[in-house]
Novice: 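I'd like to ask you about the structure that follows.
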Amino acid sequence: MIRDELLDAVRDAMATLGVEPLPPAVVVERPANREHGDWSTNAALVCQKIAARNPRELGQALADVLSADPPPHVESLDIAGPGFVNFRLASTWLYDVLAAVITEGQDGYGRLDLGQGKRVNVEFVSANPTGPLHAGHGRWAAYGDSLCRILARCGYVPHAETYINDRGVQIQRLGESLAARKAGQEPPTEDHYMGDYIAEWAQEMPDGVDPAEWGMQRALDDQRQALAAMHVAFDTWSSERASVEAGHLESALQRLRDGGFVYEQDGATWLRTTDFGDDKDRVLIKSDGDATYLLPDIGYHENKYERGDLIIDVLGADHHGYVARMRAALQALGHAPEDYEAIIGQNVTLMRDGAEVRLSKRAGTMIEVRDLVDEVGPDVARFAYLLQSIDTSQTIDIDVLKAEASENPVYYVQYAHARVHSIGRMAAERGIDRVPFDQIDLGTLVHERELELLRQLSTLPETVESACRDRAPQKITTWVRELAAAFHGFYRDCPILRTDVAPELQQARLWLVEASRIGLAIGLDLLGVDAPEEM
RNA sequence: GCGUCCGUAGUUCAAUCGGAUAGAGCAACAGGCUUCGAACCUGUAAGUUGGGGGUUCGAGUCCCUCCGGGCGCACCA
């Protein structure tokens with residue numbers, strides 16, 4: 001990587017100036033403004049105190065040392081602003097990028113080994129089996145699935161998992177709600193389920209079945225279909241009931257007792273989560289003898305470590321108070337705090353007809369994931385979900401997604417991919433074959449559009465790394481949109497198959513198109529969005 | 001009240017673990033197809049990054065404080 005070569009050169013040069021070792025804050029990065037060069041380093045700024053020198057003066061000294069024996073591709077060096085040293089590179093460095101994309105290919109380019117095979121269990125969606133998935137669940141589905149794809153590309157071994165709370169009062173209430181509707185009555189209390197789907201399902205429900213069991217299976221079928229429609233697949237659907245029957249609850253409780261973290265008070269059994277930073281202790285077993293939801297959850301999480309060295313829970317904002325107690329419980333069971341990670345996703349607000357649609361399974365109105373996916377398709381839905389950070393609340397206006405379908409950002413990216421394949425088809429029609437890459441004269445690629453495309457491709461590895469480290473799929477979304485923009489600009493200004501294009505240039509551009517295809521396909525794949533050859 | 005996530009162009013959002021002149025889409029306005037797909041391209045306009053203070057060579061980003069919003073604060077799940 002050019003970046004590492006430049007940093008090594010900076011390190012050597014700073015050593016000759018008496019600064020050794022180089023502080024880790026010293027980086028080689030891309031200036032936000034291209035006029036500042038291709039790469040720059042903040043070494044002089046970071047080291048000014050160590051070296052006891054004015055940063056501009058130190059920067060000048062650094063530039064002088066580097067100029068005496070320039071790193072590869074470096075054409076010129078200058079010092080700018082408060083003391084940045086800027087590198088201007090010959091476009092040969094971008095030809096190396098093109099070669100890397102082509103030789104490493106769709107499978108290898110931007111594939112990293114951050115994880116070194118570490119297993120990561122990612123739990124997401126985990127909706128109660130009491131109704132259809134609403135559009136808010138769609139966000140966790142799109143996010144979790146994309147995160148798993150990014151983790152896999154970075155050398156982790158992800159395991160996508162979802163949890164079914166098929167045990168407890170909410171299932172009973174579902175059954176009672178269905179039974180009441182079937183009998184033509186209102187559900188008995190406000191804590192029962194009111195949605196339109198209850199009435200529909202009550203009509204479907206055969207006589208003589210257990211309403212609770214039947215309703216839960218009905219809800220699960222519905223959820224499975226919705227997730228399939230979104231193209232989200234799980235490695236494991238974990239059942240709370242099965243987990244408890246397997247003894248996970250008891251074994252966790254026993255180990256917590258053995259560790260001395262459990263005590264009795266007011267007739268209830270408590271876990272001393274305050275030992276691990278929670279703000280109050282938590283009840284494991286109520287005074288009536290029933291376990292709270294927390295205890296089976298602890299047993300389940302403990303069991304998840306069989307399927308991952310690191311556990312990630314993707315949770316809605318309404319669960320953020322849950323994180324401290326779960327982390328505390330897992331620490332009490334001997335797990336390091338960094339082996340449990342909770343990602344708190346903020347809420348989704350859906351707009352339709354200019355008004356907010358309330359997302360509640362118990363209220364009468366809701367929008368199901370299936371409705372959204374049916375209306376706009378899985379690609380539009382997923383791309384929309386992954387357009388922004390999970391840390392911010394999101395507003396999705398269904399009317400906008402539908403009305404602007406043709407101008408939707410996902411089509412902008414997919415169109416770029418389809419154009420690539422269109423070029424391939426046209427080339428085949430005209431009998432134009434690509435000659436082997438090692439016979440190409442890359443020096444013909446001098447157009448700013450071509451170079452910009454290569455610059456964008458060069459940033460994929462660091463973008464993937466950043467998206468993985470920050471658990472931030474939206475960085476991939478942004479990147480692939482920028483790549484599509486670079487490709488569309490190139491396509492517009494740089495003819496490839498036209499008869500007036502010189503053969504050497506045509507060949508180089510065909511390989512650049514192939515590199516673009518690889519980049520677009522990787523980006524879309526990491527988002528779980530289809531990369532169509534025709535639209 | 002306590003905790004937590006936010007507040008960036010008319011709007012929806014970006015912004016490389018603190019970098020230089022804060023960028024895109026949509027909407028608005030003005031242009032661009034006789035050779036490959038116009039679902040595209042080019043340009044114009046649009047900002048006191050909620051207010052104030054601090055740390056730093058450098059703050060949208062970190063700290064404090066105030067304002068505004070979401071979500072929590074059960075022997076519910």
Side-chain angles (χ1 to χ4, degrees), chain A residues 25 27 29-33 35-36 40 42 44-46 48-49 54-56 80-84 86 128 130 165 168-170 191 265-270 279-280 282-294 296-297 316-324 344-347 349 384 387-397 400 403-409 411-412 414-416 418-419 421-427 430 449 459 462-463 465-466 469-470 474-475 477-479 481-482 484-485 487-501 509 513 534-535:
Chain A
V27 292
E29 61 196 350
R30 299 161 198 274
N33 189 334
E35 291 167 15
H36 293 126
S40 76
N42 59 356
L45 295 164
V46 173
Q48 58 180 303
K49 282 185 178 157
N54 169 294
R56 276 200 68 103
F84 289 100
N86 295 333
N128 281 338
T130 54
N165 288 101
V169 292
Q170 74 278 7
D191 287 335
Q265 184 178 308
D266 303 330
T269 303
W270 297 70
D279 53 1
K280 61 171 99 164
R282 304 293 166 176
V283 173
L284 295 175
I285 300 172
K286 296 182 280 181
S287 52
D288 67 5
D290 288 343
T292 64
Y293 75 96
L294 184 60
D297 261 17
D318 56 341
H319 280 75
H320 78 82
Y322 164 99
V323 176
I344 304 300
Q346 298 301 310
N347 291 345
T349 304
L387 225 31
Q388 65 185 269
S389 162
I390 199 80
D391 291 335
T392 62
S393 55
Q394 182 171 41
T395 303
I396 291 181
D397 189 326
V400 169
E404 295 178 355
S406 65
E407 292 152 13
N408 195 290
Y411 293 124
Y412 183 80
Q414 289 183 320
Y415 184 51
R419 273 184 152 175
H421 282 269
S422 170
I423 293 166
R425 287 189 296 270
M426 187 64 67
R430 298 187 187 180
R449 295 289 205 179
T459 62
E462 67 205 53
T463 302
E465 177 174 353
S466 167
R469 191 187 55 226
D470 298 341
Q474 89 276 1
K475 294 186 183 217
T477 315
T478 300
W479 180 85
R481 291 174 74 183
E482 287 171 351
F487 180 79
H488 285 309
F490 158 76
Y491 181 88
R492 191 70 195 162
D493 291 347
C494 299
I496 300 152
L497 299 177
R498 258 171 34 186
T499 50
D500 56 350
V501 179
R509 283 179 173 169
V513 169
E534 283 182 86
M535 294 176 66

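Each chain gets a letter, A, B and so on, in the order the sequences are listed, and its residues count up from 1.
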Novice: Choose from B:rA20, B:rA14, B:rU16 the nucleotide whose nearest atom is closest to any side-chain atom of A:E462.
Specialist: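 Side chain of A:E462 sits closest to B:rU16.
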
Novice: Under 4.0 Å between a side-chain N/O of A:R449 and OP1 or OP2 of B:rU42, yes or no?
Specialist: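 Yes, A:R449 has a side-chain N/O under 4.0 Å of OP1/OP2 on B:rU42.
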
Novice: At under 4.0 Å between heavy atoms, which parts of nucleotides 31-36 of chain B does protein reach? Answer with one letter per nucleotide, 5' to 3': B base, S sugar-phosphate only, - none.
Specialist: -B--BB

Novice: What does B:rC29 pair with, Watson-Crick or G-U, if both distances are under 3.5 Å?
Specialist: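 B:rC29 is paired, partner B:rG43.
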
Novice: The side chain of A:Q388 lies closest to which of these nucleotides: B:rA14, B:rC6, B:rG70?
Specialist: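 The closest nucleotide is B:rA14.
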
Novice: Can you tell me the Watson-Crick or wobble partner of B:rA20, both distances under 3.5 angstrom?
Specialist: none

Novice: Do any N or O atoms from the side chain of A:S40 and from the backbone of A:P31 form a donor-acceptor pair under 3.5 angstrom?
Specialist: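 No, the answer is negative, given that no donor and acceptor are paired below the 3.5 Å cut-off.
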
Novice: Pick the nucleotide of RNA chain B nearest each of A:E534 and A:T478; which residue has the one closer to the 5' end?
Specialist: A:T478

Novice: How does protein reach along nucleotides 72-77 of chain B, written 5' to 3' as B (base within reach of a heavy atom under 4.0 Å), S (only sugar-phosphate), or - (no contact)?
Specialist: SSSBSB

Novice: Polar atoms only, N or O, under 3.5 Å: list the protein pairs with nucleotides 48-51 of chain B and their distances.
Specialist:
none

Novice: Please determine whether any donor N or O and acceptor N or O are separated by less than 3.5 Å between the side chain of A:S40 and the base of B:rA20.
Specialist: yes

Novice: Is the aromatic ring centre of A:Y412 closer than 5.5 Å to the centre of the six-membered base ring of B:rA39, with the two planes inclined by less than 30°?
Specialist: no

Novice: Are A:K475 and B:rU16 close enough that a side-chain N or O sits under 4.0 Å from OP1 or OP2?
Specialist: no

Novice: Find the partner of B:rU4: check Watson-Crick (N1-N3 plus N6-O4 or O6-N4) and G-U wobble (N1-O2, O6-N3) distances, both under 3.5 Å, and reply none if neither fits.
Specialist: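 Its partner is B:rG70 (Watson-Crick or G-U wobble, both distances under 3.5 Å).
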
